[in-house]
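To keep things clear, I will list the structure first and then write my remarks on it.
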Amino acid sequence: MPRTVIHTGVTERLEILDKDGRIDPELDPGLAPEILLGFHRAMLQARLFDDKALKLQRQGRMGTWASLEGQEAAQVGVASALAPEDWVIPSFREHGVLLAFGIPGADVYRYWRGDERGAIPPEGRNVLPPSVPVGSQLLHGVGVGLALKLQGRRAAAVAFAGDGGTSQGDFHEALNFAGVFSPPTVFVIQNNHWAISLPFRKQTASASIAQKAHAYGIPGIQVDGNDILAVHVAARDALARARAGEGPTLIEAHTYRFGNHTTSDEATRYRSPEELAWWRERDPLLRLRRHLEARGLWDSTHEESLVAELRAGIEDMVEAAEALPPPPPTEMVEWTYAQLPWHLAEQRAEIEEAAR
Amino acid sequence: MPRTVIHTGVTERLEILDKDGRIDPELDPGLAPEILLGFHRAMLQARLFDDKALKLQRQGRMGTWASLEGQEAAQVGVASALAPEDWVIPSFREHGVLLAFGIPGADVYRYWRGDERGAIPPEGRNVLPPSVPVGSQLLHGVGVGLALKLQGRRAAAVAFAGDGGTSQGDFHEALNFAGVFSPPTVFVIQNNHWAISLPFRKQTASASIAQKAHAYGIPGIQVDGNDILAVHVAARDALARARAGEGPTLIEAHTYRFGNHTTSDEATRYRSPEELAWWRERDPLLRLRRHLEARGLWDSTHEESLVAELRAGIEDMVEAAEALPPPPPTEMVEWTYAQLPWHLAEQRAEIEEAAR
Amino acid sequence: MSTRKMTMVQAVRDAMAVELARDPRVVVLGEDVGANGGVFRATEGLQAEFGETRVLDTPLAESAIVGTAVGLAAAGMRPIAEIQFSGFLYPAMNQIAAHVARMRNRSRGRYPMPIVIRTPSAGGIRPPEHHSESYEALFVHTPGLKVVMPATPTDAKGLLASAIRDDDPVVFLEPTALYRATREDVPEGEFTLPLGKARTVREGRDATIVTWGTTVKPALEAAREVEAGGVQIEVIDLRTLWPFDLEAVLESVGRTGRLVVVHEAPRTAGLGAELAALVQERALLRLLAPVERVTGYDVPFPYPMLEKHYIPDRGRVVRALRKTLEF
Amino acid sequence: MSTRKMTMVQAVRDAMAVELARDPRVVVLGEDVGANGGVFRATEGLQAEFGETRVLDTPLAESAIVGTAVGLAAAGMRPIAEIQFSGFLYPAMNQIAAHVARMRNRSRGRYPMPIVIRTPSAGGIRPPEHHSESYEALFVHTPGLKVVMPATPTDAKGLLASAIRDDDPVVFLEPTALYRATREDVPEGEFTLPLGKARTVREGRDATIVTWGTTVKPALEAAREVEAGGVQIEVIDLRTLWPFDLEAVLESVGRTGRLVVVHEAPRTAGLGAELAALVQERALLRLLAPVERVTGYDVPFPYPMLEKHYIPDRGRVVRALRKTLEF
Ligand SMILES: Cc1ncc(C[n+]2csc(CCOP(=O)(O)OP(=O)(O)O)c2C)c(N)n1
Ligand SMILES: Cc1ncc(C[n+]2csc(CCOP(=O)(O)OP(=O)(O)O)c2C)c(N)n1
Ligand SMILES: [Mg+2]
Ligand SMILES: [Mg+2]
């Protein structure tokens, strides 16, 4: 009786599609070929969209950009499990989630060109603007989930953060609130193993992020985040539970950012080419392509024509983004309050005078 | 390979002295009778000291008071394992820790009578002033521990919080930093099952606080916090590891506050007499007394004379606390900066003028 | 309109009860707001009346209380978040300043933040550290927030109801020292008072005092004392601290030519500075004397033994009035 | 004294290198301050030189960075905590305001807090949201802190060294837009400049501009432009924002009778308000015109497309100077 075990927390990892594109037969979710082709399309679009942004940035046509290359499966895997009435609460690197959830690419570009208007989601889609203060948005995921629950809606909220985000107090408070109030909220942590220059092993002494779920009495799972099937299945199941009133889940997607932290960063200062090479072999896109090819669903001709089609679409997005004239300077005071208070009315006049 | 267990976190609970005063022979730390009598004395002193404060408060001779009754073992058990060169970083309920660590009771009373001077520890003792913002002090425990480590001292820091404190982001950040930097810091959470009116089961969906240690890769243990031996042994071992450079520990002491949250609270509004009665049967003081009595080390005569002796000492503390004249009003500006800046020199003059 | 005698804390409770009944989007969340009814009883009985889904006892985490409110508001609710004491607003500061205050702007109106952050505030009840703070200037300086502090039960009810109905976030500071200081007839049922309007507590022609919350009382006492000397002092209770009723202030100072601002918060970069700055900017030539500030000192709010020397009292306001009148 | 050409960010680095070498109690902690040398390279090479126990790469948690610094300082160290951008000070606000600023006072001197909180600050580099903020007023309003913002490489070095040696906590705001804007000869080795002393950048008799950080440059440009009309404008760089050099300000305004305060932070309850309040309080009869404020607007710092319309520029300062001169 005296020295007793009071809790045993077991944490699992899910992998379905291995790096050579083979599916574990026992875990095969049996998705239709169109679905798999759709995953591939969305991942490729995300990669090309990202690549274009980096090019634009070098040309001075884009602001600071946080590249998602390498994290396509982690992002599309989740987005592909969303229903239109779900809510997305992103961090700043989830361009792939947004695109796959139906946010116009032109808006994403607008936002990162430095225009607040790019954060307005189209009617019928609920996506909060990117949250820059790391980790803080996870709490919004709790609140949105709670609102959906109070309103009796059959919808879920998905909130994103990175491995670095798990060190913030808000991560803890969000997961603890989620444990207590059981909102339909799925927390997706893309553990890309770096928070700028800090490697995951210095971010926490915990062996995984998934195991932190036990601290909150909620389910947690680690998935191979470069395995679109594992991510999709974990997200699908978590979302189904959420919508069914069974509460929150923590998903850790093990992945890697191939590029720099942002266009202001130089990753070679702090990480080795060997590590990068190791992860490039586990490229989420290649892996799915190998699988599709092995099943005779895909070949290089398909690939080439899809790339061309997606590139053309992305050029249109760039054009649309750049076609939008910058807002007038007075725009900056229009949105702070529902009605313009006296001091901002005065300041609007100042702005007009200064612009003259 | 696909669905694999990546982590198994086992959490244990330690109990040595049961509620009837019997020691588990396998776990008996074999402490000398003088030590056990010392524990009893310190716990009794804490209880009488607390009781006196409540009386003074009712007479208008004390400010708001947070009663420790019921938590004597959790506090003395830790304090009794401290070395003089260790650091104590308390919350606001640790009067029993302070007394047992050698802080003059008169100072503790002074502090709670509303006089900052009561927070100055005697030379040679390092105790930070009570920290009122719940949970925030745990980070100071990390910093103090880190300083001790950098300075190469063989000493440890012990930081205290309550069950409610574990919901704060700072708890998480502190334990995560501790996992990463491995300071000689022991975190003691007195889980008294209530944070004002919130019961522990609504504070977190986690089954215990101890298991949260797995989220940070550090050792955690739950102890029966009303069992002075279990608390002492867990604290002693954790402190020994800390001083030996083996890093931090999280200790959850399961206990109960018998009284109101503070003198501003009315606990009958939110908790049942049955619950209180259940815990009163597990009174930490009674339990040790039963043990001592069974071993022939104690009886009611001893008890009566010790109560009388301790009460007399406490009366002296009250007298000393009340004998200290209140500081002059200008005292309030003297300590904000090392040197009085111009604006506070001016404001000091204003205070003098206003006091005239 | 029927009325009932209420203390301020009862009026606060009443405003929430009425708005909870009126609008299903309103929810209350905070520490000890449920069975305990709040540590000051401001939410007494609300959970029993409206249920645990409308009145939520939260774990002990202020950032989470406000951050959850952000999500609730984004998804169409109108949360009232209680922070147990204003001293514990700091852990929520990131959520307040980075999200509550900015989400409407950041989303170009798509996600407004109709949130009220209620918090017992200011000094006078001799509590432990961090239970007596006056942080209005921090929130006034943070674009996107409105800031309100009532000084009477009626104002508390009407302004809180307006704050709850307002589409913008409101930091609602409740002076603990006034919670039970007086009872007065307060309208029952639905009742609002407009935000952004000051209240002239006493009319006068020789000097103006602008103040709010706990210091309205010493200001009035000082006005009466000084008036024994034959002058007349106007006392304005600002009520809405931002965006405040500059018109009322300028109108009054335009007549009196003399202004004393009284507040509990530390002086430097406090709201008194903004009042002084705006008045000298717009009425320099009307000023017969410098704007005086009677405030808390620039030190942490002292522990109970010295608290009464910190909070502006009648004597200090009288001295300032004399100084401005004799300038 | 030998000198070397340095940018501001090099000067900042140099100050830390010198103080780390000089005093074993000094430690640096923050996000990416190690191998990466800080996102602006302000700590470049320091970890290689002083080791991982003196220069600590922390997990991503600002409250923890500052809270750990509190413990370090209490136990005798002199931590320099880097917050990666001033926009991320908020999560650390509770530790800063409730502990860093109060621990000395709370312990009646037993636990002083010789902490420097360094943080890249203010706008002009077209970054994402929360990377351009000017929060000096929040810290000026918080008793117990000192606040510094340099505008030149030399000041950055000398003031940072003094801040590190100071026994009180200093919030040290580094204007990112000036990190690499200029290079100048900066003294090598040990070098300090006193806190609390303003720097007169340009002398003049007709109006005074008080400013700091990024807006010193547009202030100077405006001064030059207006002087073409035959007047002389004094420009004062405040450098230490609290407790600031009131004497220098009053001396100047006493001569010129006109004051324009220029800062990037939002206007309302900003530091400009305090300057206006103090100047009208102590020099009302010398004022020939109201104190003018040229500031950021009372909205969140805009995204890159509109940022240049937010930050006070030469044109806006010129207009304010003309207004005050023509009053
Ligand atoms: C509160 C806060 N602190 C610091 C930063 C600066 N910053 C931006 S991204 C980042 C690293 C984030 O790492 P992680 O959470 O792992 O996400 P990733 O960038 O890898 O996607 C940092 C430190 C920030 N945005 N917010
Ligand atoms: C940050 C913060 N929020 C709220 C409070 C008000 N408060 C004081 S004690 C307390 C409950 C603390 O519960 P717990 O941590 O379990 O400690 P206990 O009182 O049981 O010893 C609360 C909410 C506070 N002091 N600090
Ligand atoms: Mg990462
Ligand atoms: Mg408790």
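What you see is a predicted model; the values in this text were computed from it and never measured. Order of the sequence lines sets the chain letters (A, B, ...), proteins ahead of strands, with each chain counted from 1.
Chain B forms more heavy-atom pairs under 4.5 Å with one residue of Glu44(C), Glu31(C), His131(C) than with any other, namely Glu44(C). Counting heavy-atom pairs closer than 4.5 Å to chain C, the top residue among Lys202(B), Arg113(B), Glu350(B) is Glu350(B). Note: Pro329(B) leads Ser264(B), Pro329(B), Gly164(B) in heavy-atom pairs under 4.5 Å with chain C. Of all the listed residues (Ala66(B), Pro326(B), Gly63(B), Pro133(B)), the one sharing the greatest number of non-hydrogen pairs under 4.5 Å with chain C is Pro133(B). For chain C, the option among Thr64(B), Thr336(B), Ile196(B) with the highest count of heavy-atom pairs below 4.5 Å is Ile196(B).
With a threshold of 4.5 angstrom between heavy atoms, Trp335(B) does not approach chain C through any atom at all. For a residue to count as touching a neighbouring chain, one of its non-hydrogen atoms must lie under 4.5 Å from one of that chain's; by this rule Glu307(C) does not touch chain B. When heavy atoms are compared at a cutoff of 4.5 Å, Tyr90(C) does not approach chain B at all. Residue contact with chain C, scored on non-hydrogen atoms closer than 4.5 Å, involves the side chain of Leu344(B) exclusively. Proximity to chain C (any heavy atom under 4.5 Å) is shown, for Pro327(B), by both the backbone and the side chain. Contact annotation for Tyr297(C): both backbone and side-chain heavy atoms come within less than 4.5 Å of a heavy atom of chain B. Only the side chain of Val134(B) comes within contact range of chain C, with heavy atoms under 4.5 Å apart.
One finds a salt bridge joining Glu334(B) and Arg348(B) here, because a Lys/Arg side-chain nitrogen approaches an Asp/Glu carboxylate oxygen to under 4.0 Å. Between Glu266(B) and Arg271(B) there is no salt bridge, since no side-chain nitrogen of the basic residue lies less than 4.0 Å from a carboxylate oxygen of the acidic one.
For the residue pair Ser131(B)/Ser136(B), the side-chain donor-acceptor check at 3.5 Å is satisfied. Between the side chains of Arg258(C) and Thr324(C), not a single donor N or O lies within less than 3.5 Å of an accepting N or O. Remark: the Asp32(C) side chain and the Ser197(B) side chain contain an N/O donor-acceptor pair separated by less than 3.5 Å. Using modelled atom types and a 3.5 Å distance limit, the side chains of Gln347(B) and Trp342(B) yield no donor-acceptor pair. Checked by atom type, the side-chain pair Asn192(B)/Thr255(B) shows no donor-acceptor distance below 3.5 Å.
Using a 4.5 Å heavy-atom threshold, the side chains of Leu198(B) and Tyr270(B) count as separate.
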